Amino acid sequence: MTWPVLQDPVFATYVAGASIMILKAQFMPWLIVWRMMRAKGGFRSPEDLRRTPLNPDPNPRQLEPNERVERVRRIQQNDLESIPYFLVIGLLFLLTRPSLIVAQWLFCGYVVTRLAHFAAYLTSQTHDLRAALWTPGSLILIYMAVRTLLTAFGL
Amino acid sequence: MTWPVLQDPVFATYVAGASIMILKAQFMPWLIVWRMMRAKGGFRSPEDLRRTPLNPDPNPRQLEPNERVERVRRIQQNDLESIPYFLVIGLLFLLTRPSLIVAQWLFCGYVVTRLAHFAAYLTSQTHDLRAALWTPGSLILIYMAVRTLLTAFGL
Amino acid sequence: MTWPVLQDPVFATYVAGASIMILKAQFMPWLIVWRMMRAKGGFRSPEDLRRTPLNPDPNPRQLEPNERVERVRRIQQNDLESIPYFLVIGLLFLLTRPSLIVAQWLFCGYVVTRLAHFAAYLTSQTHDLRAALWTPGSLILIYMAVRTLLTAFGL
């Protein structure tokens with residue numbers, strides 16, 4: 001049996017969106033590890049040049065930036081600049097009692113455009129396309145924050 | 001109609017403070033975009049040198065760090081190191097049933113000193129002033145976390 | 001008097017774990033400040049080279065990266081890539097009504113392995129040991145997110 005609050009479809013929509021974004025975010029470090037192992041490089045700490053089972057043949061060039069690794073690090077940083085704020089403002093926005101259709105558009109819109117932004121960034125699409133896919137998520141965050149702020153002031 | 005919990009002024013103070021900090025944080029990427037467009041540089045991905053409507057005249061120097069852009073990136077990073085933790089501990093701290101006056105001092109103190117820290121950082125004030133404006137926010141976080149931890153242990 | 005919800009030991013376990021991780025995270029900037037003051041360097045903003053009471057004898061080399069400072073910055077970044085997500089998914093995971101023993105294993109497992117990861121990173125242990133201590137926390141996050149997502153869909 002789950003908590004009754006999850007039987008509210010608006011709340012369940014938020015919880016689903018939040019869980020998906022956290023899974024997406026936690027996929028990034030694994031992708032970084034995968035690319036570091038493939039490249040045998042892109043490391044950042046001096047001790048990573050020690051000979052170990054995971055790095056049997058160390059080499060000082062392993063500490064140089066590797067573009068395939070750095071790309072995922074930039075994507076991960078882009079996530080950090082947005083997802084934690086989405087997770088909190090999405091929850092607080094529920095206090096404004098949005099209708100189900102509004103909640104679905106906002107939460108699904110955020111999740112879908114963030115996943116599309118990830119795909120565009122990973123495959124090195126143009127800055128213009130990346131910007132077009134980043135903007136809706138940011139506007140959704142701003143809308144939810146303004147709406148929540150007004151509600152907190154009883155407006 | 002809003003949720004009854006928002007009629008609790010302590011809770012409403014938290015929600016207002018959290019919304020303001022999220023709006024502040026989401027303003028940073030727009031400020032970075034604005035400064036990158038003004039400088040026509042400060043980009044970070046190789047594909048940003050492609051000729052596109054938003055970058056009609058690409059130039060390899062566009063990938064070099066631009067101090068006006070990097071400054072806002074440092075401010076954004078400083079936000080990431082503090083605001084997400086504030087958002088969560090502020091919510092959990094409500095479980096300790098703080099008085100309204102204590103909640104107002106803590107939440108407003110955090111918001112006001114963070115905004116002042118932003119102004120000082122953006123205008124290149126001394127490290128000493130920046131440190132003086134950063135410290136209260138950090139102490140407020142630590143106080144709320146210790147208080148919440150003690151409450152969780154029934155102390 | 002505290003909120004009745006804290007009398008639920010599963011919820012109290014989450015609140016304790018979250019508070020500890022926030023305290024840990026907020027300790028990082030103070031450690032960075034401490035190491036910058038010891039090294040009289042590792043600064044990042046041009047204005048940090050001004051003569052002030054905290055920096056009476058400025059020197060351009062103070063803006064060069066200092067490995068002892070950069071190490072804590074890397075640790076802090078590693079925290080940012082994990083702890084905010086833990087704080088939110090831990091809370092939402094409570095909606096799946098985990099048993100106390102499961103909640104204790106997950107929350108304590110996360111906290112203990114993150115603290116051990118910190119100790120290993122700070123003392124420059126091998127990449128292999130760091131990876132072994134990082135992996136449980138990431139798997140705990142992924143497990144909680146999948147479980148929460150399934151519950152949101154009524155599965």
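Lettering of chains follows the sequences in order, A, B, ..., and the numbering in each one begins at 1. The model shown is predicted, which means the values in this text are computed figures rather than measured ones.
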To the nearest 0.5 Å, how far apart are [atom1] in [X] and [atom2] in [Y]?
{"X": "C/L141", "Y": "C/L139", "atom1": "CG", "atom2": "CG", "result": "9.0 Å"}
{"X": "A/I142", "Y": "A/T135", "atom1": "CD1", "atom2": "OG1", "result": "9.5 Å"}
{"X": "A/R51", "Y": "C/T126", "atom1": "CZ", "atom2": "OG1", "result": "14.0 Å"}
{"X": "C/L115", "Y": "C/M21", "atom1": "CG", "atom2": "CE", "result": "5.5 Å"}

Segment of [X] engaging chain A (4.5 angstrom heavy-atom cut-off):
{"X": "C/Y121", "answer": "both"}
{"X": "C/L129", "answer": "neither"}
{"X": "C/R130", "answer": "side chain"}
{"X": "C/Q77", "answer": "side chain"}
{"X": "C/Y85", "answer": "both"}

Using non-hydrogen atoms and a 4.5 Å limit, figure out which bit of [X] sits close to chain C: side chain, backbone, both or neither.
{"X": "A/F11", "answer": "side chain"}
{"X": "A/R50", "answer": "side chain"}
{"X": "A/Y14", "answer": "side chain"}

Is the [atom1] atom of [X] crowded by more than 12 outside heavy atoms at less than 6.0 Å?
{"X": "A/R74", "atom1": "CZ", "value": "yes"}
{"X": "C/R38", "atom1": "CZ", "value": "no"}
{"X": "A/K24", "atom1": "NZ", "value": "yes"}

query = Do C/E67 and C/R73 meet the salt-bridge criterion of a basic N to acidic O distance under 4.0 Å?
reply = no
Between [options], who has the most heavy-atom pairs with chain C when the cutoff is under 4.5 Å?
{"options": "A/L23, A/I20, A/L49, A/D79", "value": "A/L23"}
{"options": "A/V33, A/I83, A/T13", "value": "A/I83"}
{"options": "A/P84, A/A25, A/S45", "value": "A/S45"}

